[in-house]
Amino acid sequence: MVDEGRPLFLQIAESIEDSIIDGSLSEQDQAPSTNELAAFHRINPATAAKGITMLTDKGVLVKRRGIGMFVADGARELLLTERRSAFADRYLDPLIAEARKLGLGPDDLARLLTERATASGTKGTAR
């Protein structure tokens, strides 16, 4: 899991987000504790706590006093919306800008995307 170029607390938060998105952590499920995360990843508990706090501030996790942290209602949809927007910003906007430079319109992009996705599917790499 460790990506040397990114802060550990962000990686912890993203790992929990991934678990929520893929369904291995459902809404109302108890999230791993700070100590569990610290022990599992062999990191300082304060680092794990920073990742948990980030998710709490975002409304993904809620604290139940004396019990622990739980996945908030609507957390999966919140994360999917956030990631879809980030995907568009990171990948689609530059793709559209480059396509314009090349004189490609929406239909051309759709055709290219379909061709590539179909070709990837035959190679066993599409999911």
T47 (side chain) donor-acceptor with I43 (main chain) under 3.5 angstrom: no
Other cluster members, L10 - Ile/Leu/Val/Met/Phe/Trp/Tyr, side-chain contacts below 4.5 Å: F9, M54
ILVMFWY clustering at 4.5 Å (side-chain atoms), partners of F70: V62, I67
Derivation and outcome, side-chain hydrogen bond (donor to acceptor under 3.5 Å, both in side chains), residues N35 and S33: CA-CA 5 Å; N35 290 333; S33 72; 5.3 Å; no
Under-4.0 Å salt bridge between D89 and R84: no
Taking every non-hydrogen atom, the tightest pair across A48 and A38: CB-N, 4.2 Å
Rounded distance (nearest 0.5 Å) linking atom CD1 of I52 with atom CD1 of I16: 3.5 Å
R83 side, atom CZ; E17 side, atom CD - distance, nearest 0.5 Å: 5.0 Å
Would you give me the side-chain donor-acceptor pairs under 3.5 Å for residues 72-79, sequence neighbours excluded?
| unit_1 | atom_1 | unit_2 | atom_2 | d |
| --- | --- | --- | --- | --- |
| D73 | OD1 | Q28 | NE2 | 2.7 |
| D73 | OD2 | Q28 | NE2 | 3.3 |
| R76 | NE | I21 | O | 2.9 |
| R76 | NH2 | I21 | O | 3.1 |

Contacts of T53 that satisfy side-chain contact (heavy atoms from CB on, under 4.5 Å) - sequence neighbours left out: D57
Of all pairs that satisfy salt bridge (Lys or Arg N to Asp or Glu O under 4.0 Å), the ones with a partner from residues 23-50, not counting sequence neighbours: none
Would you mind writing out the side-chain donor-acceptor pairs for residues 99-115 within the sub-3.5 Å range, not counting sequence neighbours?
| unit_1 | atom_1 | unit_2 | atom_2 | d |
| --- | --- | --- | --- | --- |
| D108 | OD2 | G105 | N | 2.9 |
| R111 | NH1 | E115 | OE2 | 3.4 |
| T114 | OG1 | A110 | O | 2.9 |

